[in-house]
Amino acid sequence: MSESSATPRKNYVRPLDIKHGQVDMAHGAGGRAMAQLIEELFARYLGNEYLAQGDDGALLPAQGEGRLVMATDSHVVSPLFFPGGDIGCLSVHGTINDVAMMGAKPLWLSAGFILEEGFKLADLARIVQSMAAAAKAAGVPVVTGDTKVVERGKGDGVFITTTGVGVVAPGQALSGRSARPGDVILVSGTLGDHGMAIMAERESLGFESPIVSDTAALHGLIAAMRASGADLHVLRDPTRGGLATTLNEIARQSGVGMMLQEKALPVNPAVNAACEFLGLDPLYVANEGKLVAICAENDAEKLLAAMRAHPLGSQAAIIGTVHEDAHHFVQMTTAFGGKRIVDWLSGEQLPRIC
Amino acid sequence: MKYIDEFRDGEVAKGLAEAIRREANPARNYHFMEFCGGHTHAISRYGVSDLLPANVKMIHGPGCPVCVLPIGRVDQAIRLAVEQGVMLCTYGDCLRVPASDGLSLMKAKARGGDIRMVYSSADAVLLAQKNPDKQVVFFAIGFETTTPPTAVAIKQAAALGLKNFSVLCCHVLTPSAISSILESPEVRQWGTVPLDGFIGPAHVSTIIGSRPYEFFAEEYRKPVVIAGFEPLDVMQAIKMLIRQVNEGRAEVENEFSRAVDRDGNKKAQQLVADVFEMRKHFEWRGLNVLPYSALRIRSQFAEFDAEKRFPLGYASVPDHKACECGAILRGVKRPQDCKIFGTVCTPENPVGSCMVSSEGACAAHYTYGRYKDV
């Protein structure tokens, strides 16, 4: 990785004590300790031919005639470990998904670590191993990176920024500007699992049915959706702010309105119950392994079938339609038979008092 | 979800809407106030108004504990955190209530105040136990529903002998607010706010029972139906109110018989009586100072009273001049009648308290219903 190239790599006095060791300021100082951290931890797990180049950047092969897509995302989740994942796999999945939602095939990732002095090396190793497993499973290697250490109290254990690069074939690019009146809106599965898993863990809420994060890389699902031949207009992963915020973004970008059917929204019963308990709305709770797809009306059933045939889309559903609306409102016919706006999330969702 | 989905069934709602339509006399109008913010939220979120005939109108009442919290009280909480250096604990939706000088607890937190969101009063006691070197104050707000847990926290702190826990008590009483509305000139003298009946809050009545409302029904000839917070509960209550009005009755009826009886939870009432006593005066946002409308901590538990432990004082702070929250809380105006609604005052930048909590009339209309205004 960047600062390590000029440092002699072998014969450190002692191997990195991952079991008992902690991050200290030397691990970010650019010297021997940092080289050791990179070599014995990051390179050991994330290693590949590009990372092994050891330069400030990775020299990558050209990729045909398509256009490049690059996306970056910083991850500051608390707690770092949660049911269904951790900050490591999340930082891989999140950025792969950002690249994939553009219609691109994700190819490479970079990873920037901001470590807090005193952070346990064992926990760091667990995170890096999780990143490595996620990157391997997705077939998207981490090819370059950076490490900084901040003083104790000036960080939150670990922050990870990942950048992804992908390539999009001619005519395959997607954008949030492409939703058209008459289009159909689909989601790939249940809503709010990640956000509620984090909240339950963070606040030690201890629900009877454990809620597990849905963190996952979605480019495989997207490839299956593409293969169906459906005329896809928009893809977007509804992360922070949940489905509601994502749809409002798309409605504004495309200059359209949307009408959802509440009855059609897939929500895990445990998530629904937890939201009910806390006075939250699953429409606004974060997802890390779900996507929203907007496609031409005639292709909706075909696309739905393709999504449901993939493990990550088995609970996909058609949830609404796009229409003309100068106000760009996202509205919903409630299961109750009334109508309401599904507004942008303002601030963050706070539990109600009673 | 069992016990919830049954009360959100669209097919049942259709049938109930039809029954309401049959029940309502087309020759007259019906105006019902849902006192509680929980009902306001349910009506907006599920689009209940869309299912009602045009001559049945709902008026949003002052029953959102966050909305009636006066600026001066939030200022006290902020001063405790910023000037006195206490760890201030409170419920999530208090954090965004606008205070003086453009502040809120959320903004005071960003400025370094140690302000924690808790899910229950017990969490605040736990924080006091875990941080013996810090003074921990629980900013306790809410109607009768949230009062018993605060009483439990104070008793628990006393039993544990905690020297670093106290409560800034801002608990208020539902019947006083209803009295204030019925005695207001708009309703009583000028008749500018027609009120044909009330939907009473179920959670409050699980504690105090239905008996406290009997006075209103008799004295003011207004029917009251105590109802749960699911949309079908609300619709059923509306149907029951229409029937009472049509038959010239003004009684307290209980739609929420699955949890409410006439006498309420006597154990909880005793707990509250042990720890709290009536305040002679308390300022409500939008309703001014109301006599005997709030609780304070009994002298027996004075050491857990933040108002006694810290030099706080109380200064009343007027609302923003253009803000119509006061009129909206009393049913005199609708959110969309306020000049700054949706322009200067939005959920991102709430000027008035009704825009803060999701249960506030303005926030509910902005978030769920403003498509009707365009």
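By convention in this document, chain letters (A, B, ...) are assigned in the order of the sequence lines, proteins followed by strands, and residues within each chain are numbered from 1.
- At a cut-off of 3.5 Å, with distance as the only test, a side-chain donor of B:Arg8 or B:Tyr46 sits close to an acceptor on the other residue.
- Counted by atom type alone, B:His365 and B:Asp373 present one or more donor-acceptor pairs between their side chains at under 3.5 Å.
- The candidate from B:Ser49, B:Gly369, B:Pro231 with the greatest count of non-hydrogen atom pairs under 4.5 Å with chain A is B:Pro231.
- For B:Tyr366, the parts lying under 4.5 angstrom from a heavy atom of chain A are both the backbone and the side chain.
- Side-chain contact check for A:His194 and A:Ser213: at least one donor-acceptor pair (N or O, by modelled atom type) lies under 3.5 Å.
- The candidate from B:Leu232, B:Thr90, B:Thr346 with the greatest count of non-hydrogen atom pairs under 4.5 Å with chain A is B:Leu232.
- Here A:Lys263 does not pair with B:Asp9 in a salt bridge; the nearest charged N to carboxylate O distance is not below 4.0 Å.
- With 3.5 Å as the limit, one finds a donor-acceptor pair spanning the side chains of B:Thr150 and B:His171.
- Of all the listed residues (A:Thr333, A:Asp325, A:Ile341), the one sharing the greatest number of non-hydrogen pairs under 4.5 Å with chain B is A:Ile341.
- Interface remark: B:Ser44 contributes backbone atoms only to the contact with chain A (heavy atom separation under 4.5 Å).
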